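Note that the structure is a prediction, hence the values are computed from the model and not measured.
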Amino acid sequence: MTDGTVTPPPAAEVRSPLSDGEWHRMHPLTPLFRGGLVLVIVAGVVIANMRDRLIAIFLPWLAPGFDGSMPGDPVDYVVSHNLILVATLVVLAVVIVLVGLFYLGWRFHSFRITDDDVEVRTGVVFRSHRRAPLDRVQGVNLTRPTIARLFGLAKLEVVGAGLDANVKLEYLSTANAEAVRSDILRLASGRQLAERGEAGRRASASQTVSAGITGLIAGAEAPVAEPESVVSIPVGRLVASQTLSGTTIFLVAAIAAIVTGAVTTTGWVLFAVVPAVLGFGAYWIRSITRSLRYSIAPTPSGVRITYGLLTTVTEIIPPGRIHAVEVTQPLMWRPFGWWAIRINRLSGRSMSDGANDQFGTVLPVGDRADVERVLRLILPTIDQADWPMIVENGALGPVPDDPYTTTPRRARLLRLLSWRRNGFWLGTDALFLRRGRIWRTLAVVPLARMQSLEVSQGPIDRALRVANIRAHTVVGRVSGSLGILDRDDALRLFEEGERAAIGAVAADRSHRWAGAE
């Protein structure tokens with residue numbers, strides 16, 4: 001401030017009109033996409049059942065000799081008894097009631113974003129009020145379903161820290177959804193957003209309404225600017241990786257069973273296997289389409305991951321929200337040098353929810369360079385000196401002078417193929433667990449996210465003086481278990497890992513990663 005004027009804050013640090021702490025309503029088309037599509041389906045069924053009559057009325061030359069009458073048809077009854085006016089009024093009344101219900105549902109569906117929480121209120125008769133504390137946000141997902149994209153709409157899901165703790169904002173215009181997500185992540189980071197002046201608030205509100213009307217008229221959403229991805233997955237590699245997966249082997253085996261059953265005339269095989277084949281076939285195709293348009297890139301608010309061909313999902317995982325990472329390589333991928341990366345994170349969903357698998361994969365398939373780039377994004381706190389333990393010594397190991405502590409020779413019968421590879425290494429910031437020779441995996445558990453460390457023994461383990469360890473994290477696809485280690489090595493890891501985890505938690509600042517300003 002040099003001449004008596006105050007320099008306005010950067011536009012990126014100013015609240016959007018929808019995150020000013022006041023209650024706001026969703027997009028006016030929200031009732032249509034939340035429940036009104038059922039009416040479209042009902043209308044489609046009615047039209048399909050009346051197609052002959054509609055053809056006779058509007059396209060009579062396609063049905064010569066058909067006068068449109070159908071015995072027992074309710075339309076004939078209405079016409080023959082001169083009840084057309086009554087039927088029209090009944091239909092009109094039903095439509096008015098439905099529109100009124102939709103309006104009430106929209107009217108009582110609101111949200112607000114304060115400095116501390118995201119809140120959503122729904123319901124007319126049975127009210128619901130959900131609140132997500134910003135300092136417990138695990139991520140913010142933006143989903144653009146196929147039909148909603150045609151109208152420029154998207155839905156936000158604020159991922160909470162507990163089961164069924166997510167708060168959903170559906171639907172908003174795509175531009176508003178992006179702005180609200182940015183505000184939520186900046187507030188969750190610990191930043192204090194600047195307030196607009198009164199004139200600025202009025203202008204922003206009018207611009208928001210104008211943008212909503214324009215989007216409603218224009219229809220399809222405008223292209224959304226996204227940061228450049230650090231990884232590009234060719235379509236051929238994606239299809240080939242699915243072809244060389246266990247799902248494909250199951251499909252081939254199931255098809256062979258169907259053919260065998262058809263040849264030997266055992267019809268029950270067809271009834272038992274065909275539904276499973278269709279289901280796995282749909283899963284196989286869905287695994288490919290949901291990985292198309294994949295991108296992963298760093299942002300100031302965390303790692304941004306986008307995927308999906310028809311329904312596009314964009315999620316941002318803030319710093320410190322990844323509890324475990326696994327680099328894995330199936331046997332059939334090894335000649336091509338392909339790997340996949342999975343993570344454990346709080347998703348606010350139960351393990352039975354199929355979306356968990358989708359949110360747990362951050363790299364569907366990639367080569368070594370892709371793996372290193374993605375790992376550096378999702379594990380930014382790993383000490384530079386520890387990086388060789390991830391790829392060279394971890395995923396690709398063992399190497400000569402292997403630094404990992406592995407299964408002792410006396411217990412190699414319990415890990416006949418992988419005893420040289422089965423081992424651990426405790427780093428500065430993470431615990432590395434290496435497993436498998438046929439199906440290679442490397443699990444990385446950040447010490448600041450580790451909940452506890454367990455050492456266990458069975459009767460055979462005690463006889464061979466070996467033990468098993470387990471690093472406890474949030475539940476997910478990444479396992480923190482490692483078995484058949486020397487008992488003394490496991491106890492040493494238990495003591496050293498405990499001290500290292502306590503120190504890592506004390507130094508962790510990812511809870512509010514930007515700090516107060």
Query - Ion pair check, Arg130 and Glu157, cut-off under 4.0 Å - result: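 Salt bridge: no.
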Do [X] and [Y] have a side chain donor and acceptor closer than 3.5 Å?
| X | Y | value |
| --- | --- | --- |
| Asp183 | Ser19 | yes |
| Arg149 | Thr312 | yes |
| Trp333 | Ser241 | no |

**Report entry** Listed partners of Thr407 passing side chain to side chain donor-acceptor pair (under 3.5 Å), at least two apart
**Finding:**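 Thr407 satisfies side chain to side chain donor-acceptor pair (under 3.5 Å) with Asn422 once adjacent residues are dropped.
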Measure from the side-chain N and O atoms of [X] to the backbone N and O of [Y], and report whether any donor-acceptor pair falls under 3.5 Å.
| X | Y | result |
| --- | --- | --- |
| Asp367 | Gly337 | no |
| Asn468 | Leu482 | no |
| Trp339 | Arg368 | no |
| His323 | Gln451 | no |
| Trp106 | Met26 | yes |
| Tyr404 | Leu433 | no |
| Arg321 | Leu346 | no |
| Arg434 | Arg421 | yes |
| Arg181 | Ala177 | no |
| Gln329 | Trp338 | yes |

Query raised in the report: Would you find more than 12 non-hydrogen atoms of other residues, nucleotides or ligands less than 6.0 Å from Arg373 atom CZ?
Result: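 Check passes, neighbour count above 12.
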Query raised in the report: With under 30° as parallel and over 60° as perpendicular, where do the rings of Phe33 and Tyr171 fit, or are they tilted in between?
Result: tilted
Query raised in the report: Would you call the rings of Trp23 and His129 parallel, tilted or perpendicular, where under 30° means parallel and over 60° means perpendicular?
Result: perpendicular
Requested in this report: Might you point out which heavy atoms bring Thr381 and Asp429 nearest each other, and give the distance in Å?
Outcome: O-OD2, 2.9 Å
Query raised in the report: Can you name the residues that form a salt bridge (Lys or Arg N to Asp or Glu O under 4.0 Å) with Arg112, not counting sequence neighbours?
Result: Glu119
Requested in this report: Please assess Arg415 against Arg437 for the test side-chain contact (heavy atoms from CB on, under 4.5 Å), listing each intermediate value before the final yes or no.
Outcome: CA-CA 10 Å; Arg415 291 291 185 272; Arg437 184 170 184 84; over 6 Å; no
Query - Steps toward side-chain contact (heavy atoms from CB on, under 4.5 Å) verdict (Val120, Leu169) - result: CA-CA 7 Å; Val120 175; Leu169 278 62; 3.7 Å; yes
Requested in this report: Answer yes or no for Arg376 and Trp387: cation-pi contact, defined as NZ/CZ to six-membered ring centre under 6.0 Å and angle to ring axis within 45°.
Outcome: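 The answer is yes; both the distance and angle limits are met.
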Query raised in the report: So among Arg435, Glu454, Arg470, His472, which one has a side chain to side chain donor-acceptor pair (under 3.5 Å) with Ser481?
Result: Arg470
Requested in this report: Before giving the answer on side-chain contact (heavy atoms from CB on, under 4.5 Å), spell out for Leu375 and Leu363 the whole-Å C-alpha distance, their side-chain angles and the decisive distance to 0.1 Å.
Outcome: CA-CA 10 Å; Leu375 288 177; Leu363 180 64; over 6 Å; no
Query raised in the report: With a 4.5 Å limit on heavy-atom distance, are the side chains of Thr406 and Pro398 in contact?
Result: no
Query raised in the report: Between Ile317 and Ile343, is a side-chain contact (heavy atoms from CB on, under 4.5 Å) present by the stated rule, with each step listed?
Result: CA-CA 11 Å; Ile317 306 176; Ile343 62 173; 3.9 Å; yes
